[in-house]
Amino acid sequence: MSDGKEYAQIEGVVTAVVFRNRESGYAVLRVKADDGEVTAVGCMPDVAAGERVKLKGEWTAHRTYGQQFKAELFERGAPEGTDGIYQYLASGALKHVGAATARLLVDKFGADTLKVIENEPEKLLTVRGVSRAKAREMSGQLRRQAGLRRLVEFLAEYGIKPGVAIRLYGEMGDKALDSVRENPYIMTSEQYGANFPEADGMALGLGFGDDCPQRVEAAVLFELTHNLQNGHTFIPRGKLAEATDRLIGVGYGAAETAIDVMSETGDIVNETVAGEDACYLPHMYEAEEYVARRVSELAGDIAPGGTRADIERVIDDIEREQGITYAPEQRRAVELAGACGIMALTGGPGTGKTTCVRGILALFDALGLKTALCAPTGRAAKRMSEMCSRDALTIHRLLGAGLSENGAHVFAHDETDPIKADAVIADEASMIDITLMRALLAAVPRRGRVVIVGDADQLPSVGPGSVLSDILRSGAAPSVLLTEIFRQAAESDIIKNAHMINRGELPDLDGQRSDFFFIRRATPERVNETVVQLCGERLPRGMGIDPAQIQVLAPTRRRESGVEKLNEQLRETLNPPGRGIKEKKYGNFLFREGDRVMQTRNNYDIMLYGYDGQARGRGVFNGDVGRVQTIDAKRETLTVDYEDRMATYSFDQLNELEPAFAMTVHKSQGSEYRAVVMAITRGASPTLLTRRVLYTAVTRARELFIAVGDPQAFAAMVRNDRRLGRYSGLRARLLLLNTSS
């Protein structure tokens, strides 16, 4: 095998399909092998009873159902003999063919039944109950299965998992196999999901040269795609050529030649921006260009709604109704929202952003505008809804995120079908990356209004770009920076210390606090022990804070006081094993009924259901947090409760989940918790022990923040204002458009 892994192997006939997910290909099979009947699980698309299969994988021990065979790769053969063909058709392998029709077909055509269905469907019309339309459909289904089977088996020879074949065949149909043979590197595109080493191994095995154009161009695309994870929308040409050479060793010149060719063919975009010879993936370039153009257009709009005097009178009315008096900058923010097509509102904790948002919403209501409230994550949207007493949605739900027929991510709302709202207020805008901002602005009506709200000093988006920062620094859209800390907020040590940290000043870690505490612990073991005690005993008993309202944060995933270790220890205290409580081990993680878990990637297609079984929408998104409600070992499924919306995962989808009793500070963005407990120890990378990480962590706490660990590590984070630069051309594009207008 190309991955070098040793596999066990079984071979036999499928006797039953216990469970099947047609979209992912995941199945639970009963297989009659030489040494008896076994249960096999894994991605095995369209397998049906009666087929002969050869499976490669490993044996696993299940607590309830004993030994199971986890298939990584598989080969399949057509059903043998009339009994096997009947069993195959009667099992539901073809839609609309049940046991009765299967018997009629086999009695009529015998051992040639499958050949007739696939190649001579017109003969099926002689069988009672088979119409011309049904015959065509049966033939098409069987041809699809045969084509997918050939593709799966071909890829399996090179150790490539069946999931890649499913996506390839879904997009290309019968052309997929020839396309992959002609250029294995097409599999590395995001929609197909093979990684570069897998495709590279296949290509070299098929005789492609080390320096062939397909290989070098695929390496260029891999480097551009990989660096999206580092936040870059583009890579400078020279750095891209160097990275490509390091990856496959073809020389700087060969990489540059590939970049030239790909620029000509449109596979990448190469142009000078922000003083750099920039290379973009086409969709990144388009997103950045679109956002710059749309922000410039909206900034040039004079929003209808009356004269400035009219707006000021409305604001006076709002102040009387809400019983408040806006500070000068707050009032300016509300006025700008009433007069401009787009504006940005930023400021740290306690500076009155929430008051401004409520005022802007009231102003839009008074002007007769329908306003949509949104935020990047479910928790941020829920908090926005609570503070505004109005429904708020995630941006993905507002835009109708989903999958196209070929599996690409799409939004229901765009320029051709904008959202049914006159204005949009988007909170936690520091988390919005360039592609999501492009989608949001595309869905806003042409003369709509947009208000983006966020704290520019928090960590940037996980995805590519520095959208909020670029818009603010460009001056292309009107903006208001709130700096005054209001009296009630100033009484909070959380807020005072957050601002001190942001200025690079070290808070007094030993003073008496109302809501901000530091507990010194010398070793990682003592840090973890104290964190677990705080969450399991001291805070629930001493302060009446439910463990569900406490979030543990750490700067790093690994190391002794990292998220992975903390999750293991917190689970054993907060959700210990017990009789009747089911568990599932998957990869490095153990999932247990009652566990707090987090979705780690966007899944646009998973269905959500209420407790009543009624459909409640579609899609679970990166950062959504829920609780494991049930683990069904027989059906190989796990169900997560996302605050009254239930999502069911097949076991092969558990790579989308991870435990969330503890999480990284990056993953906590957009959320707010009653209490935050943060583990801080020395030894992690300086890129993680930064002022921005600490500031973001502190501002996640609403009532209580407790840091546990090394005071020198805390002080080092305050001093370390290191910010990893991101290659982004948005600010330069906005400045250029602003100058030209």
Side-chain angles (χ1 to χ4, degrees), residues 190-191 224-225 227-229 231-234 266 268-269 271 273-274 278 280-301 341-344 372 374-377 393-404 408-419 421 423-446 448-454 460-474 476-477 602 604 619 621-622 726-738:
E190 184 181 1
Q191 68 192 100
L224 284 172
T225 303
N227 275 284
L228 297 179
Q229 301 171 30
H232 305 306
T233 61
F234 71 82
I268 65 173
V269 177
E271 73 167 31
V273 65
Y280 287 86
L281 291 168
H283 72 283
M284 281 289 112
Y285 175 81
E286 190 278 335
E288 200 172 86
E289 276 270 285
Y290 185 93
V291 170
R293 186 172 66 254
R294 191 78 174 97
V295 168
S296 182
E297 289 171 356
L298 287 165
D301 283 345
I342 187 171
M343 70 157 292
C374 62
T377 68
L393 300 173
T394 63
I395 297 174
H396 286 89
R397 294 196 193 286
L398 176 65
L399 303 186
L403 292 175
S404 66
H409 299 160
V410 295
F411 293 100
H413 296 293
D414 56 17
E415 299 96 329
T416 61
D417 183 15
I419 59 174
V424 172
I425 303 177
D427 200 8
E428 295 291 351
S430 63
M431 297 180 65
I432 303 177
D433 65 29
I434 191 69
T435 56
L436 189 56
M437 182 59 81
R438 187 247 180 268
L440 178 62
L441 294 180
V444 174
R446 297 309 301 176
R449 306 186 195 206
V450 178
V451 178
I452 54 176
V453 184
S461 60
V462 174
S466 304
V467 177
L468 177 61
S469 175
D470 285 349
I471 291 174
L472 291 170
R473 291 186 303 126
S474 72
N602 292 339
Y604 298 88
F621 305 106
N622 188 5
R726 293 186 168 197
Y727 290 115
S728 166
L730 179 60
R731 177 171 177 261
R733 296 183 194 283
L734 287 167
L735 287 169
L736 183 62
L737 287 169
N738 212 18

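Because the structure is a prediction, the values reported are computed rather than measured.
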Would Y280 and E271 count as having a side-chain donor-acceptor pair, cut-off 3.5 Å? no
Which heavy atom of V273 sits nearest to which heavy atom of A278, and what is that distance? CG1-CB, 3.6 Å
To the nearest 0.5 Å, how far apart are CD in E286 and CD1 in I434? 10.0 Å
Minimum heavy-atom separation for G266 and P282, please, with both atom names. O-CG, 3.4 Å
Taking the side chain as C-beta and beyond, is there a heavy-atom pair between V451 and V424 under 4.5 Å? no
Quick check: does any side chain N or O of S466 sit under 3.5 Å from a backbone N or O of S469, one acting as donor and the other as acceptor? no
Of all heavy-atom pairs between A477 and A299, which one has the smallest distance, and what is that distance? CA-CB, 4.3 Å
Quick check: closest heavy atoms across S728 and D470, and the distance to 0.1 Å? OG-OD2, 2.7 Å
Check whether any side-chain N or O of H232 sits under 3.5 Å from a backbone N or O of Y727 as a donor-acceptor pair, and report yes or no. yes
Straight-line distance of M437 CE to Y290 OH, nearest 0.5 Å: 12.0 Å
Taking the side chain as everything from C-beta on, heavy atoms only, tell me whether L440 gets closer than 4.5 Å to L398. yes
Rounded distance [0.5 Å steps], CZ in R438 versus CD1 in I432: 15.0 Å
Salt-bridge contact E415-R446 (side-chain N to carboxylate O under 4.0 Å): no
Which value, rounded to the nearest 0.5 Å, describes the distance between R293 atom CZ and E288 atom CD? 12.5 Å
Can you tell me how far apart CZ (R731) and CG (N738) are? Round to the nearest 0.5 Å. 11.5 Å
Is the closest side-chain heavy-atom distance between T377 and T394 below 4.5 Å? no
For the residue pair F621 and Y604, is the inter-centroid distance of their aromatic rings smaller than 6.0 Å? yes
Counting distance only, does the side-chain N/O of D427 pair as donor-acceptor with the main-chain N or O of A375 below 3.5 Å? no
Has R733 got a side-chain atom pairing as donor or acceptor with E289's backbone, closer than 3.5 angstrom? no
Can you check whether R449 reaches M343 side chain to side chain, under 4.5 Å on heavy atoms? no
If I compare all heavy atoms of F234 with all of G729, which pair ends up nearest, and what's the gap? CE2-N, 3.7 Å
Could you pull out the closest heavy-atom pair between M431 and P376, with the gap in Å? CB-CG, 3.8 Å
Ignoring hydrogens and angles, tell me if any N or O in the side chain of R294 forms a donor-acceptor pair with the backbone of V444 under 3.5 Å. yes
In this structure, OG of S296 is separated from CG of L734 (nearest 0.5 Å) by 7.5 Å
Answer yes or no: is there a side-chain heavy-atom contact under 4.5 Å between I419 and P445? yes
Per side chain to side chain contact (heavy atoms under 4.5 Å, CB included), L228 is matched among T435, T233, D433, L281 by L281
